[in-house]
Amino acid sequence: MLVVPPRAELRHRPLETQRLLLTPVEPADAPDLWFAVDTSRTHLEKWLPWVPFNTDLDASWRYCEASAGDWDHARALRFAIRERSTRRFLGVVGLESLAHLHQSADLGYWLRGDGTHRGYMTEAARATLVWAFKRINAHRIRVAAATDNVASLGVIKRLGFRFEGVAREAERCQGRWLDHALFALLATDVAGLMST
């Protein structure tokens, strides 16, 4: 079974990397999240079907409140990604669709437009994955990306995920169907993850 720690534990002892702090998404993050989404719409809308529905600060607040509830009920574990030095909000990385019996989850992530091409997402996702395998007892983590989303596929490759197939027309985004490349990482792959 998965072992989900309380949000308070991660608030007091966030996941830390060389450049980043990862803390559970909470309602207090809503203004920063709204600003990151609203200033990055063109960058995000191409790949994320939820972006057009994040229409105002209240929508971001509802998402942050739902994220806190999802954590408390062990459905999903989403982290706000912030720069350590400035505390600037960069995006979200998390574990979705927790399957406790199967000790599995889906990795999801997004990054604001002006934070890309700096290795932040690889750094944040690596920390999340190591934590998932070591702390919450995950056995398998899945991830998917549109087959033409080069940036996301690059993150997945750098993290050492193994390709498992293509889900045809898996998601509708901006009026077009996206095929998804599917990948997974097992707990037995963690040694490779930590060295990449």
- Message: List the residues meeting side chain to side chain contact (heavy atoms under 4.5 Å, CB included) with His139, not counting sequence neighbours, and say none if there are none.
- Response: Gln103, Leu186, Ala187

- Summary of salt bridge (Lys or Arg N to Asp or Glu O under 4.0 Å) pairs that have at least one residue in residues 163-184, sequence neighbours excluded: Arg140-Glu164

- If we only count heavy atoms from C-beta on, is the Leu90 to Trp110 side-chain gap below 4.5 Å? no

- Query: Are Trp47 and Trp177 in one and the same hydrophobic cluster, where Ile, Leu, Val, Met, Phe, Trp and Tyr link if side-chain heavy atoms are under 4.5 Å apart?
  - Reply: no

- Heavy-atom check, side chain of Tyr120 versus side chain of Ile81, under 4.5 Å: no

- Query: Would Thr23 and Leu15 satisfy side chain to side chain contact (heavy atoms under 4.5 Å, CB included), going step by step from the backbone distance to the final call?
  - Reply: CA-CA 7 Å; Thr23 56; Leu15 299 186; over 6 Å; no

- Query: In chain order, what residues pass the side chain to side chain contact (heavy atoms under 4.5 Å, CB included) check against Asp58, with sequence neighbours excluded?
  - Reply: Asp56, Trp61, Arg62

- Message: Going by the rule salt bridge (charged side-chain N to carboxylate O under 4.0 Å, His left out), which residues pair with Glu65 if we only count those two or more places apart in sequence or in a different chain?
- Response: none

- Query: Going by heavy atoms in the side chains, are Arg162 and Leu185 under 4.5 Å from each other?
  - Reply: no

- Test log, rule side chain to side chain contact (heavy atoms under 4.5 Å, CB included), inputs Leu33 and Val92: CA-CA 9 Å; Leu33 187 139; Val92 173; 4.0 Å; yes

- Message: With a 4.5 Å cut-off on side-chain heavy atoms, are Arg118 and Arg19 touching?
- Response: yes

- Do Phe183 and Leu178 sit in the same hydrophobic cluster, where Ile, Leu, Val, Met, Phe, Trp and Tyr count as joined when their side-chain heavy atoms come under 4.5 Å apart? no

- Is there a donor-acceptor pair under 3.5 Å between the side chain of Ser40 and the backbone N or O of Gly113? yes

- Message: Distance alone, cut at 3.5 Å: any donor-acceptor contact between the side chains of Tyr109 and Ser152?
- Response: yes

- Kindly indicate whether the side chain of Val51, heavy atoms from C-beta on, has any atom under 4.5 Å from the side chain of Arg41. yes

- Query: What is the minimum heavy-atom distance between Ala145 and Leu153, and which atoms define it?
  - Reply: CB-CD2, 3.8 Å

- Query: Can you name the residues that form a salt bridge (charged side-chain N to carboxylate O under 4.0 Å, His left out) with Arg7, not counting sequence neighbours?
  - Reply: Glu26, Asp72

- Could you list all the salt bridge (Lys or Arg N to Asp or Glu O under 4.0 Å) pairs where at least one residue sits in residues 142-153, not counting sequence neighbours? Asp106-Arg142

- Task: Name all residues meeting the side chain to side chain contact (heavy atoms under 4.5 Å, CB included) criterion together with Ala132; count only those two or more places apart in sequence or in a different chain, and write none if there are none.
- Result: Leu95, Ile136, Ala138, Ile141

- Asn54 side-chain N/O to Ala59 backbone N/O, donor-acceptor pair under 3.5 Å: no

- Contacts of type side-chain hydrogen bond (donor to acceptor under 3.5 Å, both in side chains), residue Thr17, not counting sequence neighbours: Glu123

- Query: For Phe35, what residues pass the ring-ring contact (aromatic ring centres under 6.0 Å, His included) criterion, not counting sequence neighbours?
  - Reply: none

- Item | Inter- and intrachain pairs under ring pair (Phe, Tyr, Trp, His ring centres under 6.0 Å), touching residues 86-108, at least two apart | none

- Under the side chain to side chain contact (heavy atoms under 4.5 Å, CB included) test, residues paired with Arg135 that sit two or more places apart: Val3, Pro5, Glu9, Trp131

- Query: Roughly how far, to the nearest 0.5 Å, is the CG atom of Asp38 from the OG atom of Ser60?
  - Reply: 8.5 Å

- Query: About how many Å separate CD1 of Ile156 and CE of Met121, when rounded to the nearest 0.5 Å?
  - Reply: 11.0 Å

- Message: Is there a side-chain contact between Pro52 and Glu45 in this structure, where contact means two heavy atoms from C-beta onward sitting under 4.5 Å apart?
- Response: yes

- Item | Pairwise side-chain contact, Leu107 with Phe161, heavy-atom cut-off 4.5 Å (strictly under) | yes

- Could you name each residue pair satisfying salt bridge (Lys or Arg N to Asp or Glu O under 4.0 Å) that touches residues 75-88, not counting sequence neighbours? Glu16-Arg84, Asp29-Arg82, Asp32-Arg82, Asp70-Arg75, Asp70-Arg78, Arg78-Glu96, Glu83-Arg88, Arg88-Asp114

- Message: For Arg158 and Thr122, which I'm curious about, is there any donor-acceptor pair between the side chains at under 3.5 Å?
- Response: yes

- To the nearest 0.5 Å, atom CG of Leu77 lies from atom CH2 of Trp71 at 5.0 Å

- Under 4.5 Å between any side-chain heavy atoms of Phe79 and Val25, yes or no? no

- Query: Taking atom CG of Leu44 and atom CG of Leu111, what is their separation to the nearest 0.5 Å?
  - Reply: 8.5 Å

